[in-house]
Asker: 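Dropping the structure in here first, questions after.
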Protein chains: 2
Amino acid sequence: MATDNHRPEPNRTLELLWGVQQPPSRGPKPALSLRQIVDTAIAVADAEGVGAVSMRRVADELGFTTMSLYRYVPSKTDLLELMVEHASEVPDVPPELSGWRDKLRWWATDTAQIYQRRRWALDVPLNAPPMGPNQIKRMEQALAALDETGLSGGEMVGILVVLSGYVRGHAQLATTLADVESRTGASQQAWDTAYGRMLTEFVDPERHPTLARIVAEGGFENGQDEDEWLDEDFGFGLELVLDGIARYVERRQGSMSPE
Amino acid sequence: MATDNHRPEPNRTLELLWGVQQPPSRGPKPALSLRQIVDTAIAVADAEGVGAVSMRRVADELGFTTMSLYRYVPSKTDLLELMVEHASEVPDVPPELSGWRDKLRWWATDTAQIYQRRRWALDVPLNAPPMGPNQIKRMEQALAALDETGLSGGEMVGILVVLSGYVRGHAQLATTLADVESRTGASQQAWDTAYGRMLTEFVDPERHPTLARIVAEGGFENGQDEDEWLDEDFGFGLELVLDGIARYVERRQGSMSPE
DNA sequence: AGCACTTGGTTTATGTTGTACACAGTTCTA
DNA sequence: TAGAACTGTGTACAACATAAACCAAGTGCT
């Protein structure tokens with residue numbers, strides 16, 4: 001059967017993600033492994049961002065030619081997906097946690113920590129639904145936490161979208177603010193002054209009364225203490241989301257037929 | 001003074017975004033304009049996604065050379081930022097709306113509509129805090145809606161992060177699911193079967209009991225009716241977030257010193 | 001009126017990228 | 001033992017962003 005390689009094949013991607021591949025028996029022993037490739041790629045991304053990850057770079061790091069990688073990975077896109085999958089190992093939910101709220105709080109915080117450690121993960125373009133084992137495990141955890149509420153599957157998924165949206169959104173914002181320098185090549189300070197200039201010079205208090213007032217109150221000074229990452233801000237929004245969920249659950253349970 | 005062009009200069013970007021530039025008087029008349037460039041770039045992105053936007057492509061579309069664009073835009077990065085800014089015109093809040101909840105609901109829905117119309121906007125890498133007039137106007141609107149609650153600036157900003165995170169997150173998910181085909185080059189169907197395979201073949205009911213149950217119940221069949229975009233799902237999460245905000249506001253107002 | 005200077009658009013060139021393709025060596029199977 | 005399946009390499013290509021040098025077109029100063 002002709003291999004007809006390299007037009008994207010979801011099934012191949014899927015199999016790579018789940019690591020199902022009986023090693024072929026006829027050829028020479030591979031000197032490399034998917035694992036190695038993905039790990040080096042992750043190392044590069046950790047150190048210099050996902051922009052530094054090129055096929056050439058990864059291959060060089062391993063001491064092989066660029067093209068050798070293509071014996072293990074169908075395309076760079078797949079490599080990126082594999083990176084994300086492998087970069088987010090999922091610990092088990094601490095067993096001492098009980099109640100959906102505590103579990104979800106843990107879940108959200110842990111997810112946020114991943115984004116914090118692997119900031120580049122947010123830069124990987126999201127082209128297909130997440131299908132990797134870790135992604136799925138994470139999904140299962142959140143759904144399992146919600147299971148005790150007795151909500152329907154659809155409702156639980158809806159809630160999950162909200163929660164993970166918040167986590168991702170917060171992370172996105174935090175990284176953007178924290179990493180302007182490495183991302184743009186201009187100094188942190190240059191951005192700060194530009195932003196300040198925008199607020200004072202261009203924000204017309206007529207058109208933007210609320211914003212102007214907040215600025216005047218100094219509400220934009222809190223700025224970027226280095227690792228303000230998993231700080232109050234994150235907790236603030238998180239509890240707010242959890243409150244929303246709680247209210248929904250309450251209302252829903254009130255109107256549910258007893259089992 | 002030497003111009004030392006093209007190392008990223010936030011101030012230049014800022015000025016481009018706000019359109020402050022007294023036209024120079026000494027050179028030949030420009031045959032092009034920033035506006036035209038950005039508009040064509042947007043048109044290309046609308047039609048074929050942001051991946052199709054290259055300097056070459058935009059210039060060709062306009063009948064100019066690639067390099068001519070650089071007389072108007074310092075870099076492609078800036079062009080992308082300008083595209084996002086211009087692509088999201090912000091209507092005024094309908095005056096008949098009263099109460100923060102209605103206003104925020106409108107705001108969220110309108111924002112989501114932008115993402116729906118300009119799906120490519122979600123693909124533009126976010127490297128710096130949003131500084132364009134439209135972004136700012138949108139921010140002002142949300143803050144203004146919240147102003148009546150009497151919360152502090154910091155609290156309002158925190159809430160805004162949650163809300164916009166949700167909107168963006170939902171949009172991200174919806175587009176990803178809806179546009180797999182154009183994004184990956186593999187057919188919708190191929191992805192569906194791969195996903196189904198994943199759910200049935202790889203999702204071990206031992207390890208993923210909740211997920212497995214939901215799948216068994218058919219909870220993943222709702223699938224992708226073409227423009228299920230601004231549907232119940234969006235409203236579901238939105239009300240949930242609004243509920244969270246409401247609860248926070250209530251609690252906060254209960255403990256506030258009367259003016 | 002003339003000259004310097006600024007600006008716009010083109011041409012040419014450079015380095016980097018992902019990946020197609022053909023090949024040579026290796027290992028197993030028939 | 002012939003060939004099929006497989007690995008890693010070398011070469012090649014098209015697309016990309018953008019730097020540099022250049023000429024023509026205008027403006028302002030003297």
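Just the heavy atoms: all of them, side chains too, but no hydrogens, waters or symmetry mates, feed the values below. This structure is a prediction, so every number in the text was calculated from the model and none was measured. Within every chain, numbering begins at 1; the chains are lettered A, B, ... in the order of the sequence lines, protein sequences first and strands thereafter.
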Asker: Between D:dT9 atom P and A:Arg56 atom CZ, what is the distance in whole Å?
Answerer: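 For the pair A:Arg56 CZ and D:dT9 P, the rounded distance is 13 Å.
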Asker: Nearest 0.5 angstrom please: B:Asp60 CG to B:Thr65 OG1, how far?
Answerer: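 Reported value, rounded in 0.5 Å steps: 9.5 Å.
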Asker: Measure OH/A:Tyr70 against P/C:dT17 and give the value in whole Å, please.
Answerer: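 Atom-to-atom, A:Tyr70 to C:dT17, this comes out as 11 Å.
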Asker: Mind checking what makes salt bridge (charged side-chain N to carboxylate O under 4.0 Å, His left out) contact with B:Glu181, not counting sequence neighbours?
Answerer: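 B:Glu181: no salt bridge (charged side-chain N to carboxylate O under 4.0 Å, His left out) contacts found.
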Asker: Specify the residue among A:Arg71 and A:Val53 whose closest nucleotide of DNA chain C lies further upstream toward the 5′ end.
Answerer: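 Checking each residue's closest nucleotide, the 5'-ward one belongs to A:Val53.
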Asker: Round to the nearest Å and state the distance from A:Arg57 atom CZ to C:dG15 atom C1'.
Answerer: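 Distance check: A:Arg57 CZ to C:dG15 C1' gives 16 Å.
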Asker: Only pairs at least two apart or in different chains count here, so list each side-chain hydrogen bond (donor to acceptor under 3.5 Å, both in side chains) that has a residue in residues 121-131 of chain A.
Answerer: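 For residues 121-131 of chain A: A:Asp123-A:Arg183.
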Asker: Heavy-atom contacts under 4.0 Å between residues 124-132 of chain A and DNA chain D, which residues?
Answerer: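 None, since no heavy atom is under 4.0 Å.
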Asker: Find out whether A:Asp179 and A:Thr175 are in side-chain contact, i.e. whether some heavy atom of one side chain is under 4.5 Å from a heavy atom of the other.
Answerer: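 When only atoms from C-beta onward are counted, A:Thr175 and A:Asp179 do touch, with a gap below 4.5 Å.
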Asker: Which residues pass the salt bridge (charged side-chain N to carboxylate O under 4.0 Å, His left out) test with A:Arg168, sequence neighbours left out?
Answerer: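 Listed in chain order: nothing, the list is empty.
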Asker: Please list all pairs meeting ring pair (Phe, Tyr, Trp, His ring centres under 6.0 Å) that have one or both residues in residues 32-67 of chain A, counting only residues at least two apart or in different chains.
Answerer: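 Non-adjacent pairs meeting ring pair (Phe, Tyr, Trp, His ring centres under 6.0 Å): zero.
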Asker: For B:Lys76 and A:Ala31, take the nucleotide of DNA chain D holding the closest heavy atom to each; which residue's nucleotide lies nearer the 5' end?
Answerer: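 That would be A:Ala31.
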Asker: Where the side chain of B:Ser54 is defined as all heavy atoms beyond and including C-beta, which of D:dA21, D:dG8, D:dA17 is the nearest nucleotide?
Answerer: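 That would be D:dA17.
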Asker: Are OP1 or OP2 of D:dG8 and a side-chain N or O of A:Tyr72 less than 4.0 angstrom apart?
Answerer: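 For A:Tyr72, the contact criterion (side-chain N or O under 4.0 Å from OP1 or OP2 of D:dG8) is met.
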Asker: When the distance from CG of B:Leu80 to C1' of D:dA17 is rounded to whole Å, what number comes out?
Answerer: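 From B:Leu80 CG to D:dA17 C1': 12 Å.
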Asker: Scan residues 18-37 of chain A for pairs that pass ring pair (Phe, Tyr, Trp, His ring centres under 6.0 Å), counting only residues two or more places apart or in two chains.
Answerer: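 Output for this query lists A:Trp18-B:Phe202.
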Asker: Would you give the length of the straight line joining atom OG of B:Ser88 to atom CZ of B:Arg118, rounded to the nearest 0.5 angstrom?
Answerer: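 Interatomic distance, B:Ser88 OG to B:Arg118 CZ, rounded to 0.5 Å: 8.5 Å.
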Asker: Give the residues of residues 62-69 of chain A touching DNA chain C, defined as any heavy atom closer than 4.0 Å, sorted by residue number.
Answerer: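 Those residues are A:Thr66, A:Met67.
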Asker: Are any protein N/O atoms closer than 3.5 Å to N/O atoms in nucleotides 26-30 of chain C? If there are, list each pair with its distance.
Answerer:
| residue | atom | partner | partner atom | Å |
| --- | --- | --- | --- | --- |
| C:dT27 | O2 | A:Arg26 | O | 2.3 |
| C:dC28 | O4' | A:Ser25 | O | 3.4 |

Asker: Could you tell me which residues satisfy salt bridge (charged side-chain N to carboxylate O under 4.0 Å, His left out) with B:Lys76, sequence neighbours excluded, listed by chain and number?
Answerer: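 Checked B:Lys76 against salt bridge (charged side-chain N to carboxylate O under 4.0 Å, His left out); zero matches.
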Asker: Working to the nearest 0.5 angstrom, can you tell me the gap between A:Tyr166 OH and B:Ser164 OG?
Answerer: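 The distance works out to 10.5 Å.
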Asker: Counting C-beta onward and ignoring hydrogens, is there a side-chain heavy-atom pair between B:Glu15 and B:Gln21 closer than 4.5 Å?
Answerer: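 B:Glu15 does not reach B:Gln21 side chain to side chain.
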Asker: Quick one: which residue pairs count as a ring pair (Phe, Tyr, Trp, His ring centres under 6.0 Å) with a foot in residues 28-53 of chain A, not counting sequence neighbours?
Answerer: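 Every candidate ring pair (Phe, Tyr, Trp, His ring centres under 6.0 Å) pair involving residues 28-53 of chain A fails, so no pair, neighbours aside, qualifies.
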Asker: What is the distance, to the nearest angstrom, from the CG atom on B:Asp60 to the P atom on D:dA17?
Answerer: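 Distance, rounded to whole Å: 12 Å.
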Asker: Would you give me the side-chain donor-acceptor pairs under 3.5 Å for residues 48-55 of chain B, sequence neighbours excluded?
Answerer:
| residue | atom | partner | partner atom | Å |
| --- | --- | --- | --- | --- |
| B:Glu48 | OE1 | B:Arg57 | NH1 | 3.3 |
| B:Glu48 | OE2 | B:Arg57 | NH1 | 3.3 |
| B:Glu48 | OE2 | B:Arg57 | NH2 | 2.8 |
| B:Ser54 | OG | B:Arg57 | N | 3.0 |

Asker: Taking only heavy atoms on the protein side, list every residue of residues 40-51 of chain A lying under 4.0 Å from any atom of DNA chain D, sorted numerically.
Answerer: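 Within this stretch, nothing sits under 4.0 Å of the strand.
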